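Heads up, the thing below is written out as structure tokens.
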Amino acid sequence: MTFISENIIPGNYGKKFTTDVDEASEQAKLEAAIMDVEGVKDVVFEKDVFPLVFTVYTNQVVDITDLQNKALELGFHVIAKEPFFPLF
């Protein structure tokens with residue numbers, strides 16, 4: 001694992017995640033929990049995608065396990081997607 005794969009780096013790109021949330025009310029709860037993590041400035045969910053994909057933008061370096069632990073408290077799973085596309 002590397003620093004980039006274990007953390008969300010501040011900037012315009014953010015970091016994409018997938019989750020097992022499937023209802024709008026669950027999505028709102030997950031968004032509120034993620035926004036409570038120090039350094040998170042925005043959470044953007046993609047529409048009409050299953051499994052649900054969202055991007056987290058930060059204003060400081062945030063450890064991915066902080067987001068995963070917040071989601072687990074609600075009974076959901078959050079999995080980080082790869083930071084870059086493979087070159088092969």
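Because the structure is a prediction, the values reported are computed rather than measured.
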Return the [atom1] to [atom2] distance between [X] and [Y], rounded to the nearest 0.5 Å.
| X | Y | atom1 | atom2 | value |
| --- | --- | --- | --- | --- |
| Leu30 | Glu73 | CG | CD | 11.5 Å |
| Thr18 | Leu52 | OG1 | CG | 9.0 Å |
| Leu67 | Ile8 | CG | CD1 | 4.5 Å |
| Gln27 | Glu23 | CD | CD | 11.0 Å |
| Thr65 | Leu72 | OG1 | CG | 10.5 Å |
| Asp42 | Ile34 | CG | CD1 | 11.0 Å |

Is there a path of hydrophobic side-chain contacts, each under 4.5 Å between heavy atoms of I, L, V, M, F, W or Y residues, that connects [X] with [Y]?
| X | Y | result |
| --- | --- | --- |
| Val78 | Val61 | no |
| Val53 | Val56 | no |
| Val40 | Tyr13 | no |

Heavy-atom closest pair, residues Lys70 and Val37:
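That would be CG-CG2, 3.7 Å.
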Minimum heavy-atom distance Glu38-Val62, with the two atoms named
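The answer is O-CG2, 3.6 Å.
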Within the 4.5 Å heavy-atom criterion, are Thr58 and Pro10 side-chain neighbours or not?
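Yes. Closest side-chain heavy atoms under 4.5 Å.
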Please list all pairs meeting ring-ring contact (aromatic ring centres under 6.0 Å, His included) that have one or both residues in residues 52-73, counting only residues at least two apart or in different chains.
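Matches after skipping sequence neighbours: Phe17-Phe54, Phe45-Phe54.
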Salt bridge (Lys or Arg N to Asp or Glu O under 4.0 Å): which pairs involve residues 46-68, sequence neighbours left out?
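Applying salt bridge (Lys or Arg N to Asp or Glu O under 4.0 Å) to every pair that reaches into residues 46-68, excluding sequence neighbours, yields Lys16-Glu46.
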So, Thr2 side chain and Ser5 main chain: donor-acceptor pair closer than 3.5 Å or not?
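At least one qualifying donor-acceptor pair exists.
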Side-chain donor/acceptor of Thr19 to backbone N/O of His77, under 3.5 Å:
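Side chain of Thr19 to backbone of His77, a donor-acceptor pair under 3.5 Å: yes, one is there.
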